[in-house]
Protein chains: 2
Amino acid sequence: MRDYRNKLPVADGTMKEAIDSFQTFLRLRSLRATDVREAIVRAALACRGHFHVEELATDVRAGGFEVSVATVYRALPLLIEAGIIQPTEVSGEKRSYEAVFGREHHDHLICRQCRRVVEFQFEAFEMLQREVAAKYDFELVGHLHELIGICAECRRSSSRQ
Amino acid sequence: MRDYRNKLPVADGTMKEAIDSFQTFLRLRSLRATDVREAIVRAALACRGHFHVEELATDVRAGGFEVSVATVYRALPLLIEAGIIQPTEVSGEKRSYEAVFGREHHDHLICRQCRRVVEFQFEAFEMLQREVAAKYDFELVGHLHELIGICAECRRSSSRQ
DNA sequence: CTTCATGCAAAAGATTTGCAAGTTC
DNA sequence: GAACTTGCAAATCTTTTGCATGAAG
């Protein structure tokens with residue numbers, strides 16, 4: 001019984017590009033391009049929004065590949081380094097990840113009550129971040145930016161009580 | 001053998017205010033103001049920078065209070081809700097916290113290699129964040145903002161190889 | 001045919017929980 | 001005295017690791 005609500009149809013072109021890019025990454029490191037690793041990349045890219053390790057393993061299996069969690073755990077750092085996924089911490093929650101390959105950069109606005117996640121883009125943030133990094137003489141490689149709030153709906157339902 | 005490098009002398013006034021504020025919080029919830037909880041608050045406030053649960057427990061003991069980790073774990077959500085501390089995730093690291101009571105708000109710039117943390121303040125970020133929240137009709141209650149980079153020193157040492 | 005990948009089960013860590021005994025209000 | 005806290009140990013959950021076997025280059 002798989003839940004397709006959080007699955008995303010990925011354009012063939014993008015998928016191929018991602019797999020290619022991942023295989024190149026593996027070759028450069030003298031690592032093996034295996035079916036299981038490819039299946040993990042596919043499953044990760046097909047995820048809409050954030051996913052946990054266990055969910056990723058389940059998705060890979062739903063795609064017809066046997067895989068142990070250990071293998072998924074071992075693959076994660078590779079996918080991250082290859083730029084396929086990114087860790088996305090949400091304070092006080094289980095560790096989660098999201099696909100980034102071929103997607104536009106965005107940050108998150110999270111409702112503390114219902115956990116709904118809104119993605120937003122705001123170039124001004126990026127510019128300011130580069131400024132801050134430059135000021136302290138850091139080479140910027142990434143960032144984690146999450147706004148925590150209470151969405152309109154949750155505000156309404158809690159004031160109703 | 002306690003390491004004082006990461007300890008911070010806290011002004012008596014601030015400490016008293018924090019304890020008072022915490023006790024008020026407890027009373028409002030019909031929870032008990034115990035010595036152990038007060039000791040945990042004191043230890044947390046005395047921490048400079050980020051700390052892990054185990055370190056907090058050690059500090060409480062160093063202050064002369066016996067405490068089990070279980071109790072510290074049980075106290076953490078209270079300290080967070082009372083606004084004494086805040087969770088501060090660093091991607092791929094152990095969960096950590098930092099004291100916020102009576103301190104100026106800041107965000108973090110973290111070196112991916114040496115893990116050094118630089119705190120920065122930039123009012124422009126706060127303004128933009130309020131704008132984003134307003135745009136999506138969220139009531140903003142907090143945020144997590146970390147820039148990940150490589151500091152000048154680490155860049156120098158890695159280019160040397 | 002060498003090196004790397006995988007599954008499994010065990011290990012290691014982190015966090016939570018049930019319960020009996022002790023405290024706070 | 002009732003309700004809440006605590007320590008302890010056990011239970012859970014997450015992530016890592018050793019080792020024997022199987023696959024990739």
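Proteins come first, then strands; the chains are lettered A, B, ... in the order of their sequence lines, and each starts at number 1. Note: hydrogens, waters and symmetry copies are ignored here, and every other heavy atom, side chains too, is used.
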Check your understanding: Which of residues 27-37 of chain A sit near DNA chain C, with a heavy atom under 4.0 Å from it?
Key ->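 Within residues 27-37 of chain A, the residues near DNA chain C are Ser30(A), Leu31(A), Arg32(A), Thr34(A), Val36(A), Arg37(A).
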Exercise for review: Answer yes or no: is there a side-chain heavy-atom contact under 4.5 Å between Val132(A) and Leu147(B)?
Suggested key: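 Val132(A) vs Leu147(B): side chains touch.
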Exercise for review: Give a yes-or-no answer on whether the side chains of His143(B) and Gln129(B) include a donor-acceptor pair shorter than 3.5 Å.
Suggested key: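 A pair is found: one side chain offers a donor N or O, the other an acceptor, under 3.5 Å apart.
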Check your understanding: Quick one: do Asp59(A) and Arg42(A) make a salt bridge, cutoff under 4.0 Å?
Key ->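 Salt bridge flag = no for Arg42(A) with Asp59(A).
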Exercise for review: Can you tell me which residue pairs pass the salt bridge (Lys or Arg N to Asp or Glu O under 4.0 Å) test with a partner in residues 98-114 of chain B, sequence neighbours excluded?
Suggested key: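 Not a single pair qualifies under salt bridge (Lys or Arg N to Asp or Glu O under 4.0 Å).
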Review point. Can you list every pair that meets salt bridge (Lys or Arg N to Asp or Glu O under 4.0 Å) and has a residue in residues 14-23 of chain A, with sequence neighbours left out?
Key: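 Qualifying pairs: Lys16(A)-Asp20(A).
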Review point. Residues in ring pair (Phe, Tyr, Trp, His ring centres under 6.0 Å) with His145(B), at least two apart?
Key: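 Ring pair (Phe, Tyr, Trp, His ring centres under 6.0 Å) check on His145(B) returns His145(A), Phe125(B).
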**Study point:** Test ring pair (Phe, Tyr, Trp, His ring centres under 6.0 Å) applied to His50(A) - qualifying residues, sequence neighbours left out
**Key:**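 Once residues adjacent in sequence are excluded, the partners of His50(A) under the ring pair (Phe, Tyr, Trp, His ring centres under 6.0 Å) criterion are His108(A).
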Check your understanding: Can you name the side chain to side chain donor-acceptor pair (under 3.5 Å) partners of Thr14(A), sequence neighbours left out?
Key ->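 Thr14(A) satisfies side chain to side chain donor-acceptor pair (under 3.5 Å) with no other residue.
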Practice item. State which residues pass side chain to side chain donor-acceptor pair (under 3.5 Å) with Thr24(A); sequence neighbours excluded, sorted by chain then number. Key: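 Not a single residue meets the side chain to side chain donor-acceptor pair (under 3.5 Å) criterion with Thr24(A).
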Check your understanding: Just how large is the angle between the end axes of the helix from dC1(C)-dG25(D) to dC25(C)-dG1(D), five pairs per end, to 10 degrees?
Key ->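 It works out to 40° between the end axes.
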Check your understanding: Which of residues 67-83 of chain B have a heavy atom under 4.0 Å from DNA chain D?
Key ->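 Contacts with DNA chain D under 4.0 Å: Val67(B), Ser68(B), Ala70(B), Thr71(B), Arg74(B).
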Practice item. Taking Arg95(B) for its side chain and Pro87(B) for its backbone only, find out whether a donor-acceptor pair lies under 3.5 Å. Key: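 No: the side chain of Arg95(B) does not pair with the backbone of Pro87(B).
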Practice item. May I ask whether Val100(A) and Val41(A) are part of the same hydrophobic cluster, defined by side-chain heavy atoms of I, L, V, M, F, W, Y residues being less than 4.5 angstrom apart, directly or through others? Key: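 No; Val41(A) is not reachable from Val100(A) via cluster members.
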Check your understanding: Nucleotide range of DNA chain C contacted by chain B, 5' to 3', under 4.0 Å to a heavy atom?
Key ->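 Counting from the 5' end, contacts occupy dA14(C) to dC25(C).
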Name every donor-acceptor pair, under 3.5 Å, that has one atom in a side chain of residues 72-84 of chain A and the other anywhere in the protein, sequence neighbours excluded.
| unit_1 | atom_1 | unit_2 | atom_2 | d |
| --- | --- | --- | --- | --- |
| Glu81(A) | OE1 | Arg29(A) | NH2 | 2.7 |

Review point. Within the structure shown, what part of the strands sits under 4.0 Å from Glu54(A) by heavy-atom distance: base, sugar-phosphate, or nothing?
Key: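 It contacts nothing in the nucleic acid.
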**Study point:** Contact interval (first through last nucleotide) of DNA chain D with protein chain A, 4.0 Å heavy-atom
**Key:**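 Range of nucleotides touched by chain A: dT14(D) to dG25(D).
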Distance (rounded to the nearest 0.5 Å) between [X] [atom1] and [Y] [atom2]:
X         : Y         : atom1 : atom2 : answer
Phe65(B)  : Asp35(B)  : CZ    : CG    : 5.5 Å
Ser21(B)  : Leu26(B)  : OG    : CG    : 9.5 Å
Ile150(B) : Arg155(B) : CD1   : CZ    : 7.5 Å

